[in-house]
Amino acid sequence: MIVVFGSLNVDLIVPVERLPHAGETVLGPSYTFAAGGKGGNQALAAARAGAGTAMVGRVGGDDLSVVALNDLKATGVDLAHLVRDEKPTGLAAICVDSRGENIIMVASGANLGAREDQVPDAMLSKDTVVVLQMEVPLEENWALVNRAKARGARVMLNVAPAAPVPVEIVPMLDWLVVNEREALLVAESRGFHESDPRKAAAEIAASGKTTVIVTLGGDGAVAYGAGKTLTAGVLPITPIDTVAAGDAFVGGFAAAVDRGGDLATALAYGSVAGGLACLAPGAQPALPMKVAIDAALKNLPPIKVG
């Protein structure tokens, strides 16, 4: 089972021809609301990829909470340990340009009230994969990492948005998922002064038992762990919107390891899920189903070892 502890937002999405510069106003023709938040996205991605999934976090008592939870409920995600907070449901404002690139601003709202003790001990065992991100109070993340590892659960941390990770936490992680900027930040917090994200990730992995996965956008993803390097390519697609690609990768990867897949299998599954998420606008509406991921796996170049 996958337990996601993290954020739940509603995304306000504005399509624009190009992203604005500082101090500039750029007009878009319309806007849409869609469920989002890295926690909610990754929980839905894992569930759609075929895994039994629970989402633990907080929303407000407002109308936006209905939007935030609708897709999760429809997909059968366990929301039994969700809490209603006095603060409003989190809101993200997203601009997406004609190439699918984006800028995102988040008002955290109820996410600031998320507490690790919302996850009961009974949900933490050797059969559990705990998935974390960085949009809730970080001290709650670290407390949950300690409790999860003490009970034998496996833990995956996606360092997004980028923030330092305590030195003592990294070796406790089974998987650390970062983009290039995040890889450099985590490496620096561990005393590694690298300018190359891949070398930084390799040093982090070599310093402990953590498998480090770097997502590289259009260049695929690379994993460092157990003394080897695995590289995944990308699907032959033309992206429409990259908003939830990283979350789709995490959810797909987590679903694969939850089913007992090895690192190569999980890396391929996450890469395909991330690619397919780029073919539709929005975050949760774009997250692919298991049948689509399974069908597209044959189009991914073989995983390279070494």
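Just so it is clear, the values below take in all heavy atoms, side chains as well, and ignore hydrogens, waters and symmetry mates.
Checked options V145, V3, N146; the residue passing with V155 is V145 (criterion: side chain to side chain contact (heavy atoms under 4.5 Å, CB included)). If you run side chain to side chain contact (heavy atoms under 4.5 Å, CB included) between I94 and each of T32, I104, I103, only I104 comes through.
Rounding to the nearest 0.5 Å places CD1 of I2 at 4.5 Å from OG1 of T53. From L157, atom CG reaches atom CD of E182 across 9.5 Å, with rounding to the nearest 0.5 Å. The distance from atom OG1 of T89 to atom CG of L64, rounded to the nearest 0.5 Å, is 5.5 Å. In this structure, the separation between CG on N102 and SG on C95 is 9.0 Å, given to the nearest 0.5 Å. For the atom pair OG1 (T231) and CG (L267), the distance works out to 8.0 Å, reported to the nearest 0.5 Å.
When all heavy atoms of V96 and I240 are compared, the pair lying nearest together is CG1-O, 4.5 Å. Nearest heavy-atom pair across R181 and A162 is NH1-CB, 3.1 Å. P164 and W142 make their closest contact through O-CZ2, 4.1 Å (heavy atoms, listed as atom of the first residue, atom of the second, distance). Between A45 and G251, the shortest heavy-atom contact is CB-CA, 3.8 Å. The shortest non-hydrogen separation linking A273 to G252 is CB-CA, 4.3 Å. The two residues D71 and A35 have their closest heavy-atom pair at OD2-CB, 4.5 Å.
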Below 3.5 Å, can you tabulate the donor-acceptor pairs from side chains in residues 6-31 to any protein atom, sequence neighbours excluded?
residue	atom	partner	partner atom	Å
S7	OG	K38	N	3.1
S7	OG	G39	N	3.3
S7	OG	E135	OE1	2.4
N9	OD1	N111	ND2	2.7
E17	OE2	S98	OG	3.3
R18	NH1	E24	OE1	3.2
R18	NH1	E24	OE2	3.1
R18	NH2	E24	OE2	2.5
E24	OE1	H21	N	2.9

Contacts table for residues 211-224: side-chain donor-acceptor under 3.5 angstrom, sequence neighbours left out:
residue	atom	partner	partner atom	Å
T215	OG1	V178	O	3.4

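A donor-acceptor pair under 3.5 Å links the side-chain atoms of S125 to the main chain of D127, judged by distance alone. Under the 3.5 Å distance criterion, the side-chain polar atoms of E116 are left unmatched by any main-chain donor or acceptor of N141. No side-chain donor-acceptor contact under 3.5 Å links E203 to the backbone of A200. Looking only at distances, no side-chain donor or acceptor of T128 sits under 3.5 Å from a matching main-chain atom of M1. For K228 (side chain) and G225 (main-chain N/O), no donor-acceptor pair under 3.5 Å exists by modelled atom type. Side-chain N or O atoms of R48 include one that pairs as donor or acceptor with a backbone N or O of Q284 at under 3.5 Å.
For K199, the NZ atom is loosely surrounded, since the number of other residues' heavy atoms within 6.0 Å does not exceed 12. The neighbour count for E86 CD, taken as heavy atoms of other residues, nucleotides or ligands under 6.0 Å away, does not exceed 12. Heavy-atom neighbours of R259 CZ from other residues, nucleotides or ligands within 6.0 Å: above the threshold of 12.
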Please test D174 against T210 for side chain to side chain contact (heavy atoms under 4.5 Å, CB included), starting from the C-alpha separation and ending with a verdict.
CA-CA 5 Å; D174 295 271; T210 304; over 6 Å; no

Dump the intermediate steps for side chain to side chain contact (heavy atoms under 4.5 Å, CB included) on I293 and Y269, then the final yes or no.
CA-CA 7 Å; I293 301 172; Y269 215 79; 3.5 Å; yes

Walk me through it: do R99 and D97 pass the test salt bridge (charged side-chain N to carboxylate O under 4.0 Å, His left out)?
CA-CA 5 Å; R99 299 176 301 168; D97 72 12; 3.6 Å; yes

Intermediate values then yes/no, side chain to side chain contact (heavy atoms under 4.5 Å, CB included), F192 and V186
CA-CA 9 Å; F192 306 139; V186 175; over 6 Å; no

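L184 and M134 are assigned to two separate hydrophobic clusters, defined by single-linkage of ILVMFWY side chains at heavy-atom distances under 4.5 Å. By the rule that hydrophobic residues join a cluster once side-chain heavy atoms approach within less than 4.5 Å of another member, L279 and V272 end up as members of one cluster. Under the 4.5 Å side-chain contact rule for hydrophobic residues, V250 and V77 share a cluster. Both V130 and I169 sit in one connected hydrophobic cluster of ILVMFWY residues. Membership requires side-chain heavy atoms under 4.5 Å apart, directly or through other members.
The pair R58-D85 meets the salt-bridge criterion, with a side-chain N (NZ, NE, NH1 or NH2) lying under 4.0 Å from an Asp/Glu carboxylate O.
For the residue pair S65 / R84, a side-chain donor-acceptor distance below 3.5 Å is found, with atom types taken as modelled. Counted by atom type alone, Q42 and N158 present one or more donor-acceptor pairs between their side chains at under 3.5 Å.
Hydrophobic side-chain contacts under 4.5 Å tie M105 to no other Ile, Leu, Val, Met, Phe, Trp or Tyr residue.
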